[in-house]
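This report concerns only the one structure given below.
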Amino acid sequence: MYFVGIDLAWGERNPTGLAVLDGDGRLLAVSTVITDDEVVEALKPYTEGDCLVAIDAPLVVTNATGNRAAEAALNKDFAPFDAGAHPTNTARAEFTGRPRGARIASQLGLDMNPRSGRARRAIEVYPHPATVALFRLGRTLKYKSKSGRSLEQLRAELLVLLGLIESLQSADPRLQLDSEASDGAWRRLRTAVEVAQRKSELRLAEDQVDAVLCAYIALFATSHPERTTTYGTFEQGYIVTPTLPADLVPTRRSQGSEPELADDAELDLRSADPGTAVRRYAEQLPEVRRATADYVEIVRSMLDDAGINYLTVTGRAKTLTSFAAKAARTVDGRPVHTDPLSEILDQIGLRVITYVHSDVQAVVDVLNEQLVVHDDRDMGEETASEGRFGYASRHLHVELETDDEQTHPHLAGRVAQVQVRTVLQHAWAEFEHDIRYKGTIPDEHVPDFDRRFTLAAGLLELADREFSTIRERLTESMAEPEPSLDTSADPRITARELAAFLAGQYADAGWSRTDHYEWIGGLLLELGITSLVELGELLRSIDSDTIVERMGYRHPPTAVRRLDDALLWAHGDDYVALSANAHRVEALRTRLAKMRQES
């Protein structure tokens, strides 16, 4: 059986949105057409057999003036949510004869009686009240073009709707937007909204989004007739919509255009409204992006200063679509988040990728030392405790210390989620996510895929252990190399030579990032040190044990950090003043003062 949505234009000069779902809620097609003949031709393949076609347009209009009885009844429930229907009567030119929606239903050979039970039917629906009921909105989303609404306002509201519709992928009935049959249609639709430069471009996308929603209403009405209300009668006109939840209340209207927060007694119900939460998140998104970039720099500086060997530190601000989907998530019909803005803690997301597993703990140690850690979950340990192989990553929720908030006031009170994992753990997690959650695995292949993912996870865990062992043994066995005889090259000591030399000099130290070896090679050049022989003579004159004692390293420093401290000890303020150190003058002065302080 097919479920078809038609967002019907008032006339044949404007685009009409079409969408088709199959019986499992898979999106098969989404498009726009203009004329009645084009509508009929596009939908024939899906309406020749069992189907339910949901049309966003009046099908039956008999009253000469005012509202139809169906509109009056619906408005009583939904008008407080800004979801009331406009008056429909035969005095309006478009309804003096047979309504356009009824003509199309007739051309397709569809029965229009909502209670007939026939296999091929059409029903009248209305997306606005459906969004209120399905997504528990305090007021409708303002994505329809009207005077005073800017392009960016319309885009933000439409993106909220896209996110809410995407949340139906975990609803009952399930909506599957990324099916193979649709050939990426939904992703293209989302992209069109994100890059639209004119309101007309948004309108074209909006028609198709509404059509998808209409098709889902048909699927919902078939799956849950007990949670569906039909306002009016077949004889005088009707509207089918998901039933308004009994405990849902509208948000108060402010003096401006946006809903106002209600009093404390309505706090829980108001906060559960994903539309209000997502609208506010859209307003805050530029600041969230700025905060994310700053958190990345803070964490990167912490790890660099500590000499931690890592591959990358990256960050992302949670997208509006992703936030909307999470805010709209429900369990047994109730919202998961009663206050999405404060409860969704991954608005700022950071990811630290290390080379080997032992470095994961080193990163976590640094974060614990310099940030407030509210939560620390070892997902790999949790997986192992269940006797399984699978997802492995360290997840922390962090916040700046109170003193640091004075330096970064815009980060005060902002929590960031930090994921720390090895490069192999990251590869497994990304691949599994793409296949299992973004792709479609046929049901008959699920057991085999589960087995193969488990096997891959076990092999990668073994590889992580072997890489750690390889690094440890290399560190133990590497000796001081012969200096390079190539005098025509860059006069600085190469990163490769320096890495091997420091592995022998600081046998107990961990490896550093490749770019850190190159960077400190530049500092050596500024000091006039261009050979390992000169560097070795300098380091033999330095009391390394005293440096270690005074610095009081909380975790094993890497080789570059050990050399960095040795050069700071030997050259003091002159080292601080080097041009390559301009970005960390204060940090070096703090470390130098610590070195000079007698125990």
Quiz item: Hey, which of R203, R198, K199 is the one that makes salt bridge (Lys or Arg N to Asp or Glu O under 4.0 Å) with E201?
Solution: R198
Practice problem: Test T90 against T62 for side chain to side chain contact (heavy atoms under 4.5 Å, CB included), laying out the working first. | Solution: CA-CA 7 Å; T90 57; T62 60; 5.9 Å; no
Quiz item: Nearest 0.5 Å, what's the CG-CZ distance between L244 and R227?
Solution: 12.5 Å
Exercise. Taking E71 for its side chain and T88 for its backbone only, find out whether a donor-acceptor pair lies under 3.5 Å.
Key: yes
Practice problem: Flag the pair V398 / L350 as yes when at least one side-chain heavy-atom distance between them is below 4.5 Å, and no otherwise. | Solution: no
Quiz item: How far apart are the closest heavy atoms of D339 and S342, and which atoms are they?
Solution: OD2-OG, 2.9 Å
Quiz prompt | Sole candidate of I165, L161, L164 that passes side chain to side chain contact (heavy atoms under 4.5 Å, CB included) when paired with T131 | solution = L161
Quiz prompt | Over all atoms of both residues, closest heavy-atom pair of Y281 and T319 | solution = CE2-O, 4.1 Å
Quiz item: Quick one: does L27's side chain get under 4.5 Å of L21's, heavy atoms only?
Solution: yes
Quiz item: Considering residues at least two apart in sequence or located in another chain, which fulfil the salt bridge (Lys or Arg N to Asp or Glu O under 4.0 Å) criterion with K144?
Solution: E206, D210
Quiz item: How close do Y126 and I217 get, heavy atom to heavy atom, and via which atoms?
Solution: O-CD1, 4.4 Å
Practice problem: Can you see which heavy atom on F220 is nearest to which on P242, and at what distance? | Solution: CE2-CB, 3.8 Å
Self-check item: Minimal non-hydrogen separation, L74 against A83, with atom names
Solution: CD2-O, 3.7 Å
Quiz item: Between the side chain of E297 and the main-chain N/O of A293, is any donor-acceptor distance below 3.5 Å?
Solution: no
Self-check item: Exceeds 12 heavy-atom contacts within 6.0 angstrom, atom CD of Q236
Solution: no
Quiz item: So how far is it from L154 CG to L141 CG, rounded to the nearest 0.5 Å?
Solution: 11.5 Å
Quiz item: How many angstroms lie between atom CG of L43 and atom CD1 of I104, to the nearest 0.5 angstrom?
Solution: 8.5 Å
Quiz item: Hey, does L158 have a side-chain heavy atom less than 4.5 Å from the side chain of L202?
Solution: yes
Quiz item: Could you walk me through whether L8 and D56 pass the side chain to side chain contact (heavy atoms under 4.5 Å, CB included) check?
Solution: CA-CA 6 Å; L8 192 63; D56 177 16; 5.9 Å; no
Quiz item: Got a donor-acceptor contact below 3.5 angstrom from the E194 side chain to the L159 backbone?
Solution: no
Exercise. Enumerate the residue pairs fulfilling salt bridge (charged side-chain N to carboxylate O under 4.0 Å, His left out) with a member in residues 408-417, sequence neighbours excluded, ordered by first and then second residue.
Key: none
Practice problem: Could you tell me whether the side chain of S106 and the main chain of A102 form a donor-acceptor pair under 3.5 Å? | Solution: no
Quiz item: Does the side chain of Y143 reach to within under 4.5 Å of the side chain of V209, using non-hydrogen atoms?
Solution: no
Quiz item: Does a side-chain heavy-atom distance below 4.5 Å link L134 with L213?
Solution: yes
Quiz item: Could you state the interatomic distance from NZ (K142) to CZ (R149), rounded to the nearest 0.5 Å?
Solution: 6.0 Å
Quiz item: Are side-chain heavy atoms of V288 and K318 found at a separation under 4.5 Å?
Solution: no
Quiz item: Can you check whether V193's main-chain N or O pairs, donor with acceptor, with R155's side chain at less than 3.5 Å?
Solution: yes
Exercise. Mark yes or no for whether Q417, through its side chain, and D346, through its backbone, hold a donor-acceptor pair below 3.5 Å.
Key: no
Quiz prompt | Pairs involving residues 111-131, ordered by first then second residue, that meet salt bridge (charged side-chain N to carboxylate O under 4.0 Å, His left out) (sequence neighbours left out) | solution = R68-E124
Practice problem: For the pair R190 and E166, find out whether any cationic side-chain nitrogen is under 4.0 Å from an anionic carboxylate oxygen. | Solution: yes
Quiz prompt | Test item: side-chain donor near acceptor, E399 and H374, under 3.5 Å | solution = yes
Quiz item: Would E94 and R100 count as a side chain to side chain contact (heavy atoms under 4.5 Å, CB included) if you check the C-alpha gap in whole Å, the side-chain angles of each, and the deciding distance to 0.1 Å?
Solution: CA-CA 8 Å; E94 57 268 30; R100 186 185 182 194; over 6 Å; no
Quiz item: Hey, what do you get for CG (N75) to NE2 (H86), rounding to the nearest 0.5 Å?
Solution: 9.5 Å
Self-check item: Donor-acceptor contact present, side-chain Y46 to main-chain D22, <3.5 Å
Solution: no
Quiz item: Under 4.5 Å between any side-chain heavy atoms of F323 and I344, yes or no?
Solution: yes
Quiz item: Under 3.5 Å, side chain of S182 to main-chain N/O of D178, donor-acceptor pair present?
Solution: no
Practice problem: Under the side-chain hydrogen bond (donor to acceptor under 3.5 Å, both in side chains) rule, what do E343 and T338 come out as? Steps first, then yes or no, please. | Solution: CA-CA 8 Å; E343 293 175 7; T338 57; 2.8 Å; yes
Quiz item: Side chain of D24, backbone of R26: donor and acceptor closer than 3.5 Å?
Solution: no
Quiz item: If you draw a 6.0 Å radius around OH in Y2, do more than 12 non-hydrogen atoms from other residues or ligands fall strictly inside?
Solution: no
Practice problem: Would you indicate whether the side-chain heavy atoms of I55 and I123 approach each other to under 4.5 Å? | Solution: no
Quiz item: Could you walk me through whether L345 and D375 pass the side chain to side chain contact (heavy atoms under 4.5 Å, CB included) check?
Solution: CA-CA 11 Å; L345 299 179; D375 188 38; over 6 Å; no
Quiz item: What distance do Q419 atom CD and R351 atom CZ have between them, rounded to the nearest 0.5 Å?
Solution: 4.5 Å
Exercise. Indicate the atoms forming the closest heavy-atom contact of A42 with P45, along with that distance.
Key: O-CD, 3.6 Å
Quiz item: Would a distance-only check, ignoring hydrogens and angles, find a side-chain to backbone donor-acceptor pair under 3.5 Å from Q197 to V195?
Solution: yes
Quiz item: Taking atom types as modelled, is there a side-chain donor on H408 or D294 under 3.5 Å from an acceptor on the other?
Solution: no
